[in-house]
Protein chains: 4
Amino acid sequence: MAQDMTRRERQAVKRRRQILEAAAQVFAEKGYHRATTRDIAEAADVAEGTIYNYFASKDDLLMGLIGELAQLDRQQAMLDEALDQDLETFIKSYLAYRLGHTGPYQRLLMGIVPELVHHPDLRDRYRRDFVQPALIMIEGHVQRRIERGQIRDIDGPIITRLLMSMLLGLQLLLIIGEPVTQDAWEHPDAVAETITGLIMDGVRRRS
Amino acid sequence: MAQDMTRRERQAVKRRRQILEAAAQVFAEKGYHRATTRDIAEAADVAEGTIYNYFASKDDLLMGLIGELAQLDRQQAMLDEALDQDLETFIKSYLAYRLGHTGPYQRLLMGIVPELVHHPDLRDRYRRDFVQPALIMIEGHVQRRIERGQIRDIDGPIITRLLMSMLLGLQLLLIIGEPVTQDAWEHPDAVAETITGLIMDGVRRRS
Amino acid sequence: MAQDMTRRERQAVKRRRQILEAAAQVFAEKGYHRATTRDIAEAADVAEGTIYNYFASKDDLLMGLIGELAQLDRQQAMLDEALDQDLETFIKSYLAYRLGHTGPYQRLLMGIVPELVHHPDLRDRYRRDFVQPALIMIEGHVQRRIERGQIRDIDGPIITRLLMSMLLGLQLLLIIGEPVTQDAWEHPDAVAETITGLIMDGVRRRS
Amino acid sequence: MAQDMTRRERQAVKRRRQILEAAAQVFAEKGYHRATTRDIAEAADVAEGTIYNYFASKDDLLMGLIGELAQLDRQQAMLDEALDQDLETFIKSYLAYRLGHTGPYQRLLMGIVPELVHHPDLRDRYRRDFVQPALIMIEGHVQRRIERGQIRDIDGPIITRLLMSMLLGLQLLLIIGEPVTQDAWEHPDAVAETITGLIMDGVRRRS
DNA sequence: TATGAATGAGGTTTCATTCAT
DNA sequence: AATGAATGAAACCTCATTCAT
């Protein structure tokens, strides 16, 4: 599709991305409210006014970031390919994927999540564009595993939410700098192993 | 200790608390940045200037709230009392406590947590005074359960974080209005049951 | 009533007037759109922020000016007292009053009238608070003159509007600096005489 | 003269007029200050930059419009043709012309007049090119009527201003939505009759 | 100690104008 | 000559903080 664009259009797409990336960076650094449009303009190396040629408002920048988040998230393909994997292998590789991509992904998250609490529009869009699709995919995957008899017949939708909650929560612990979690992150494989153990077998002691 | 204070001192302590409670309420309602000192003064029924006789700045109010938060949190007693309960009963009642309908405490958290992300001082203090003790307590609890042979010998610290993560994540899903989660919340007991099932036995199918 | 006010209240009233007078002056000088809040603040010798302790917005200043206009206008008493005057004497003295007060009054008008065209709220309030009361009073006066047989039995309401139109229009001509009108204004008595002549007897030549 | 131009020059003249017409329309709609160059460019279906190939600035557009205004105004021809009409017939038809339902010309005036007040250059040019000629013509007309003995020997220049004032004032009353005036406007002939009556015979009761 | 009016720095946003293409 | 993205000055307004009373 890119080759159908005029040079001007390509320039515009590039400029938009440039501003969005600057916004992501500044929001991650300072948080939404402490980030000024001047900060963003400087980070993007454009004039303040230029921002408003691409985004209607500062809020709209936040909305735009959701789009970036959604694009960053390439779970679907991964989940589909993974359906035939051994269950434990799958969980591990999925966790590795989710928790490994926290680099650029988490920076965006740090800029966005705090705002969700008091920003209804953003919240709705975050849910619709980002969380909901992921949930649906995971849920479908879980369901098929149940049908194949690979996992026991439990409440798929709820388990799906619990799994996603755990991931979201871990990211929050990382964000607030919980030290044990941070240290554990040094060995993502070991973390994945522990999580897999919890998900597969729970904590009950068996004789 | 209160009896050592002069009446004037007691008055000051009371006034301080009055302002802090107003701040908590307003922060919970609007979030830190959208809450104005005027809002807080009105909620506390004092003049704006009066706030500055008790707190150095708006940020200082946030700092002050951490102390209140820690005091508000009654986990310790609960966890201690619960040690002798049957494991499944305990998990259920703890979940009921944590997820119990968003009280003033939760709302306050929603007002403050966003600030934690980008406010190092506050974050450190929050972690030190509030999250870390809770984690340590849960961790100790888990450890003692392991020692008693009630749960299998797994990585206690990590499991502790995973459990807390799950709770944080669930709260996030609720905040953003994820519909399945919200619907499930209509029957908290059933949710607690499913979570307990996951934590206790995992998802593996057993013959 | 002023003696019932606390000193603070008196101060507030005074400050409000001070800002409003500055706004009137700056609007008169530069017009609404070219007048900046900074200009007004400087003219009022207060900080920009102070303006917003007394007025919700720049628009609100305009609204506030209407109130001043209405207060400036003391027609009622005058008209009532004048009822018993000889008709020609009355017209002359009324004209002298209206056209003589153009000093401070016209400066306000210059700031406000231009905005009426594209500012519905202001327009409605101007009509309601200022034009309408004046029209009603004049109309009543005209009616009573008709009943007394002092003027012929013509369409009172319309004549009232025509008279007021003439006054409003003259002020507009003055505003745009029409030279003949300005020169004529040097001799207000002569103008009043001509207007009285027109109103009383029209232009028709009589044998 | 048009045949002396190259095609390029004719094109330029046409483009200039196209922009000027767009400006007239947008100024009429929103008023000068609320009209943006972007609005004008869109209405003219050219790029914003193009405007500046034909006009030095936004203010210059206003200056350009004066010329158009003068051309739009067809009073002269009308007045000349009307000289031989019966006086009352003339007044009625002139009123019908002036007060005739607010055409594009009136709307344009509404967009520009506010600027006259505080824009000396524009005001002078407007007065010189537009108001003054009209006044002179009406004045001449009145003068000739006097000479013909159709109206009594009164102060022509002043009466001229009074008549125009009345018209301006009526337009103001209409602009601000004065209800009686608006209602009366439903029957323009009756209004014209009343005005004619006032102008011809005044209000004095005659035995 | 309590007050709240005054402050003014700084925020977001608009828009006339420029200029490389 | 036409374009329209980029510019950045400047507008309005908010609000944490101060300080005279």
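Reckoned from all heavy atoms, side chains included, excluding hydrogens, waters and symmetry mates.
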| request: Look at all strands and tell whether D/Tyr54 reaches a base, only sugar-phosphate, or nothing, counting heavy atoms closer than 4.0 Å. | output: sugar-phosphate

| Contacts of A/Arg127 that satisfy salt bridge (Lys or Arg N to Asp or Glu O under 4.0 Å) - sequence neighbours left out | A/Asp124

| Along nucleotides 7-12 of chain E, 5' to 3', which nucleotides get a B, which get an S, and which get a -, given that the test is a protein heavy-atom distance under 4.0 Å? | BB--SB

| Which dot-bracket string fits DNA chain E when only Watson-Crick or G-U wobble pairs with both atom distances under 3.5 Å count, crossing pairs get [ ], and | stands for a partner on a different strand? | .||||||||||||||||||||

| Starting at CD of C/Gln11 and ending at C1' of E/dG4, how long is that distance when rounded to a whole Å? | 12 Å

| remark: Separation of E/dT1 atom C1' from B/Arg10 atom CZ, nearest Å, is 17 Å

| task | Look at the side chain of C/Glu21 and the backbone N and O of C/Gln18, then say whether any donor-acceptor pair between them is shorter than 3.5 Å. | result | no

| query | With no hydrogens and no angle check, is any side-chain donor or acceptor of D/Gln25 less than 3.5 Å from a backbone partner on D/Ala22? | reply | no

Can you find a heavy atom in the side chain of [X] that is under 4.5 Å from one in the side chain of [Y]?
{"X": "B/Arg17", "Y": "B/Tyr54", "result": "no"}
{"X": "C/Val13", "Y": "C/Arg10", "result": "no"}
{"X": "B/Phe55", "Y": "B/Leu20", "result": "yes"}

Return all side-chain donor-acceptor pairs below 3.5 angstrom for residues 32-40 of chain A, not counting sequence neighbours, or 'none' if the list is empty.
| residue | atom | partner | partner atom | Å |
| --- | --- | --- | --- | --- |
| A/Tyr32 | OH | A/Asp59 | N | 3.2 |
| A/Tyr32 | OH | A/Asp59 | OD1 | 2.3 |
| A/Arg34 | NH2 | B/Glu115 | OE1 | 2.9 |
| A/Arg34 | NH2 | B/His119 | ND1 | 3.3 |
| A/Thr36 | OG1 | A/Arg38 | N | 3.4 |
| A/Thr36 | OG1 | A/Asp39 | N | 2.9 |
| A/Thr36 | OG1 | A/Asp39 | OD1 | 3.4 |
| A/Thr36 | OG1 | A/Asp39 | OD2 | 3.1 |
| A/Thr37 | OG1 | A/Glu48 | OE1 | 2.9 |
| A/Asp39 | OD2 | A/Lys30 | NZ | 3.1 |
| A/Asp39 | OD2 | A/Thr36 | N | 3.1 |

| Given D/Ile19 and D/Leu61, is the side chain to side chain contact (heavy atoms under 4.5 Å, CB included) satisfied, shown in steps? | CA-CA 9 Å; D/Ile19 292 169; D/Leu61 278 169; 3.9 Å; yes

| Positional range of nucleotides in DNA chain F within the contact set of chain A, heavy-atom, under 4.0 Å | F/dT3 to F/dG8

| said: Could you go through B/Thr50 and B/Arg15, starting from their C-alpha distance and side-chain angles, then the distance that decides it, and tell me whether this counts as side chain to side chain contact (heavy atoms under 4.5 Å, CB included)? | reply: CA-CA 9 Å; B/Thr50 305; B/Arg15 189 54 67 95; 4.2 Å; yes

| said: List the residues meeting side chain to side chain contact (heavy atoms under 4.5 Å, CB included) with A/Arg128, not counting sequence neighbours, and say none if there are none. | reply: A/Arg125

